[in-house]
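Structure first, then comments.
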Amino acid sequence: MHVIATAGHVDHGKSTLVRALTGSDPDRLEEEHRRGLSIELGYCWTSLKGAGEVAFVDVPGHERFVSTMLAGVGPLPAVLFVVAADDPWMPQAAEHLAALDALGVRRGVLAVTRSDLEDPGPALRRAREQVDRTGLAGMPAVTVSGRTGAGLAELRTALTDLVATLPTPDPTADVRIWVDRVFSVRGAGTVVTGTLPAGTVRVGDTLAVGDTSLRVRGLETLGRPVSEVRGVARVALNLAGRLPVDLRRGTALMSTERWHRSTTVDVRLRGSGLPPAQPVLHIGAAAVAVHVRPLAEDLARLTLDQALPLRVGDRALLRDPGSRNLWGVGVIDPDPAPLRRRGAAAARAKELDAMEGSPAMHVVARGWVRRSHLARLGVQIGPLAAGTIEADDWLVSAERTATLRKRLAEVVTRRHDPLDPGVPLAAVAHDLGLPSRALVPSLVRQPFRVEAGRVFRREDDGLPAALAAALTGLRADLRADPFAAPTADRLRELGLDHRGIAALARAGRLIRLAETVVLLPDALDEAMIRLRTLEQPFTTSDARRALGSSRRVVIPLLEHLDARGLTVRGADDRRTVAQR
Ligand SMILES: Nc1nc2c(ncn2[C@@H]2O[C@H](COP(=O)(O)OP(=O)(O)OP(=O)(O)O)[C@@H](O)[C@H]2O)c(=O)[nH]1
Ligand SMILES: [Mg+2]
């Protein structure tokens, strides 16, 4: 399916043309018929040979309904621009054209209608001249009559050609539907409609409105119930759940946890001069009051009255309702850091210049950031820039990495203690202010290394001479019987006090089972081999016999094995070797 919006001055024949193309009336309201003009958005569809189904969002042309018009064209990439043959170039034709241009709409068909009333040549030339000054320059044109049907075949061909040029959206894309209509259906509850630009929605899916999760109870497209629909499509969703009270046109319905909701956004402005301090931001079907802080001639920070799910590359427009002036907006960063220091705005402007079109710069500008957060912001990180490090969903820029490596050297050196060698990863992460300790190993470079959750300097490798001698003595004692832990007296004789034992334990050279009960690390493997030969579950006495050791050693040894998940202690104090 394809979806096209209409645009053009009031009374120029948009709705009549949509009716001629689709056979249904986009003006549904009694008031619209009575007043002979469109007030709300209208939705009709038809099937075009070679193009499949094409739906139209018919917009009102009256100057009072510009906001509604913007909600209609906002989510759509293509337009049917309608001009009357029997009228001069009119203000809302100009306003609509400027809005389409600002929103970045580049594809459309120009239809000069009411050609049964007057020669369409002059109107076509006037419109062509205007259109060619915009992003829609060169758009194909047809002359038609909504009343007699003249030129309709050519218009259908032009529309078929138009939709053939529209890109096919990704069916796996994250869903964002700007609601354009909300109504209640007796027996079904609340139904909302909108355009699904990309992605897939299924009955039973959960979609979010703000922080609220809603379930898709029913789904319709083009008036038919379906179980699944892929964008682009017009959709009507029957929603179940606690509906927010402010659910209305402009509300965004989105895939849960896939979108960042922006209240501050840095943008590129297109248009003449700077917008006023408080214009209205129109994006999708939403219209939100914003505060503009200029950062450079054509860059600004917008602060939104309401959070919206915005992504890098989104096109929007700013409108000053007083002067009716418009500015195009291109989102560069939907989640900028606050500007604190003086002169920060100028520095930020430079950064934004570099960020536009460069996903890698989003990492550079932030220093570190979660990959999943960038995905929420719509930043598609390609291959990482040289020197960028990645761990546990975090990316750290090459520049930040270099600084962190210098500081890591300082931290590890400062915290160095010869009797407690190595600095725990958590302590390093804390001192560096890192968001995750998982990043530390990637920051460690020679002469540092990571072992057993600690960062060591190469100098730490050699144990102090006294400790090395004590360890040699201990090894000799345990050679014959790995479970004959030396007594407290023997440890003293070997020159091992509490600090010495703790240092060897941290360095992974011995296992400390209790205050003065120590074994060599490979005793654990030997213990497991012997315990496996026992009938399971086994008692403490069984274990003592199998290890040929005393309760002084066996009880803390079994507790140590329990703590490491190697054995499992039952209610009756019997144990089983863990299955793994
Ligand atoms: N003779 C003739 N009249 C037309 C033609 N198209 C529209 N009209 C008439 O022009 C008037 C306005 O037509 P609409 O289709 O409602 O115009 P619109 O652009 O939808 O107007 P808004 O939605 O209010 O902006 C109606 O009275 C139509 O009958 C046409 O091709 N020929
Ligand atoms: Mg109309």
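When a ligand or atom number is given, it counts from 1 through the structure's own listing order.
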Residue and atom name of the nearest protein heavy atom (relative to [atom]), distance in Å to one decimal:
atom                    : value
atom 17 (O) of ligand 1 : G13 N, 3.1 Å
atom 30 (C) of ligand 1 : R114 CG, 3.3 Å
atom 13 (O) of ligand 1 : T16 OG1, 3.4 Å
atom 27 (O) of ligand 1 : R147 NH2, 4.6 Å
atom 12 (C) of ligand 1 : D11 OD1, 3.3 Å

Report yes or no: does [X] contribute a side-chain atom to a donor-acceptor pair with the main-chain N or O of [Y] at less than 3.5 Å?
X    : Y    : answer
H33  : D27  : yes
W178 : T251 : no
D266 : P334 : no

Count, waters excluded, of protein N, O or S atoms under 2.8 Å from the Mg ion (ligand 2):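 Every protein N, O or S atom under 2.8 Å from the Mg ion (ligand 2) counted, the figure is 2.
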Lys/Arg-Asp/Glu bridge criterion (N-O < 4.0 Å) met for [X], [Y]:
X    : Y    : answer
D58  : R19  : no
R371 : D393 : no
R34  : E31  : no
D11  : R114 : no
D298 : R268 : yes
R234 : D180 : yes

Any N or O of [X] closer than 3.5 Å to N or O of ligand 1:
X    : result
D27  : no
D58  : no
S115 : no

Which atoms of ligand 1 have any heavy atom of [X] under 4.0 Å away?
X    : value
L117 : 1 (N), 2 (C)
S15  : 15 (O), 18 (P), 20 (O), 23 (O)
L37  : 24 (O)
T113 : 31 (O)
G146 : 30 (C), 31 (O)
K14  : 15 (O), 17 (O), 18 (P), 19 (O), 20 (O), 21 (O), 22 (P), 25 (O)
D116 : 1 (N), 2 (C), 30 (C), 31 (O), 32 (N)

Structural part of H12 in contact with ligand 1, heavy atom criterion under 4.0 angstrom: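 The answer is the backbone.
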Side chain, backbone, both or neither: the part of V144 lying under 4.0 Å from ligand 1 by heavy atom: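 For V144, there is no contact with ligand 1 at all, from either part.
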Those residues that, when tested against R311, pass salt bridge (Lys or Arg N to Asp or Glu O under 4.0 Å) (two or more places apart):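 Expected list: D174.
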Residues which pass salt bridge (Lys or Arg N to Asp or Glu O under 4.0 Å) with D305, listed by chain and number, not counting sequence neighbours: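 Result, salt bridge (Lys or Arg N to Asp or Glu O under 4.0 Å) vs D305: none returned.
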For the residue pair [Y] / [X], report whether a side-chain donor-acceptor contact shorter than 3.5 Å exists.
X    : Y    : result
D116 : S145 : yes
D392 : S436 : yes
T206 : R215 : no

Residues which pass side-chain contact (heavy atoms from CB on, under 4.5 Å) with P244, listed by chain and number, not counting sequence neighbours: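 Applying side-chain contact (heavy atoms from CB on, under 4.5 Å) to P244 gives V209, T212, L214, D246.
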Per-atom contact, atom 22 (P) of ligand 1, protein heavy atoms, under 4.0 angstrom: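 So far as the 4.0 Å threshold goes, atom 22 (P) of ligand 1 is in reach of a protein heavy atom.
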